[in-house]
Amino acid sequence: MAYWILKSEPSVYPFERLEQERRTVWDGVRNPQALGYIRQMQPGDTALIYHSNEGKEIVGTATIITAAYPDPAEDDDKIVVVEIEVGTRLPHPVGLATIKATKALADIGLVRQSRLSVMPATPTQWQTLLRLAGTKA
DNA sequence: GCCAACGTTGGC
DNA sequence: GCCAACGTTGGC
């Protein structure tokens, strides 16, 4: 059981759309490091959805519901995807400024490697983020 | 719009 | 296999 952070530009795929569709194929990832993380995902893992560029905040949760598999739309079978199911919208979105101002999150990937679109979170980071978001998980 | 931090490409 | 040049992402 692992924790992940998935970034999405709201103009491309906002959390609101995941709420409408309930589940989706998380595709479009091409960065080798990010693809490596996707390959590590297991059904039952959970993810936080971060809105990049616009909003710059973590807005909701999702559950990984499939293992990674090659994207049928891609020739290159190194391009893998997973399917995710919507979780809950956070009572209080956690903005990047808040994350940067929180000592327990100083090493989080969002800050340290801002361009990476898929990254792991530690249990400590996860708990800290959910507390900031006003959830009791 | 700018720039930092990566990634990618292609000549050698 | 290096590395310079170029492209992309994303925060500011």
Side-chain angles (χ1 to χ4, degrees):
Chain A
M1 171 73 170
Y3 302 109
W4 308 97
I5 295 172
L6 298 174
K7 292 205 306 197
S8 184
E9 287 193 47
S11 62
V12 176
Y13 194 94
F15 188 72
E16 288 76 9
R17 188 157 153 211
L18 181 60
E19 287 181 308
Q20 290 161 14
E21 297 180 355
R22 306 303 297 171
R23 58 183 283 179
T24 192
V25 176
W26 200 259
D27 60 8
V29 176
R30 294 187 157 273
N31 177 283
Q33 195 178 350
L35 289 167
Y37 288 133
I38 288 181
R39 277 187 217 102
Q40 294 173 34
M41 292 179 181
Q42 297 295 327
D45 287 357
T46 48
L48 290 169
I49 308 296
Y50 173 81
H51 278 172
S52 63
N53 277 323
E54 296 169 56
K56 279 173 281 186
E57 57 192 13
I58 296 173
V59 289
T61 69
T63 303
I64 311 296
I65 53 177
T66 70
Y69 61 89
D71 187 342
E74 299 280 350
D75 292 334
D76 186 348
D77 65 6
K78 290 187 180 63
I79 309 292
V80 291
V81 297
V82 287
E83 292 174 31
I84 68 172
E85 186 173 63
V86 69
T88 59
R89 175 177 288 274
L90 299 178
H92 305 295
V94 183
L96 187 61
T98 302
I99 291 169
K100 286 186 169 176
T102 303
K103 277 184 185 163
L105 300 175
D107 285 334
I108 202 165
L110 275 178
V111 176
R112 299 201 50 162
Q113 224 183 327
S114 64
R115 300 199 331 155
L116 194 59
S117 60
V118 180
M119 64 198 86
T122 68
T124 302
Q125 290 165 350
W126 186 266
Q127 291 302 323
T128 303
L129 286 167
L130 288 184
R131 188 155 32 79
L132 289 169
T135 68
K136 295 279 191 280

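Not measured: the values here are computed from a predicted model. Each chain gets a letter, A, B and so on, in the order its sequence line appears, and its residues count up from 1.
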Would you list the atom pairs, donor with acceptor, under 3.5 Å between side chains in residues 107-114 of chain A and any protein atom, with sequence neighbours excluded?
unit_1: A:D107; atom_1: OD1; unit_2: A:R112; atom_2: NH1; d: 3.2
unit_1: A:Q113; atom_1: NE2; unit_2: A:Q33; atom_2: OE1; d: 3.0

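- Annotation: proximity of residues 110-121 of chain A to DNA chain C (heavy atom, distance under 4.0 Å) is found for A:S114, A:R115, numbered in ascending order.
- Summarising the geometry, atom CG belonging to A:L6 is positioned 11.0 Å from atom OG1 belonging to A:T61; distances are rounded to the nearest 0.5 Å.
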Under 3.5 Å, sequence neighbours excluded: what are the donor-acceptor pairs made by side chains of residues 53-60 of chain A?
unit_1: A:N53; atom_1: ND2; unit_2: A:E9; atom_2: OE1; d: 3.2
unit_1: A:N53; atom_1: ND2; unit_2: A:E9; atom_2: OE2; d: 3.4

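- Judged as a side chain to side chain contact (heavy atoms under 4.5 Å, CB included), and not counting sequence neighbours, the contacts of A:D71 are A:D27, A:A73, A:E74, A:I79, A:V81.
- Every residue two or more places apart in sequence or in another chain that forms a side-chain hydrogen bond (donor to acceptor under 3.5 Å, both in side chains) with A:E16 is listed here: A:R89.
- Remark: A:Q40 pairs with A:W4, A:Y37 by the side chain to side chain contact (heavy atoms under 4.5 Å, CB included) rule, at least two apart or across chains.
- Residue A:E54 is classed as having no contact, given no heavy-atom separation below 4.0 Å to the nucleic acid.
- Nucleotides of DNA chain C that come within less than 4.0 Å of any heavy atom of chain A span, from the 5' end to the 3' end, C:dG7 to C:dC12.
- By the side chain to side chain contact (heavy atoms under 4.5 Å, CB included) test, A:R115 pairs with no residue at all, sequence neighbours left out.
- Taking A:R131 as the reference, nothing meets the salt bridge (charged side-chain N to carboxylate O under 4.0 Å, His left out) condition, with sequence neighbours excluded.
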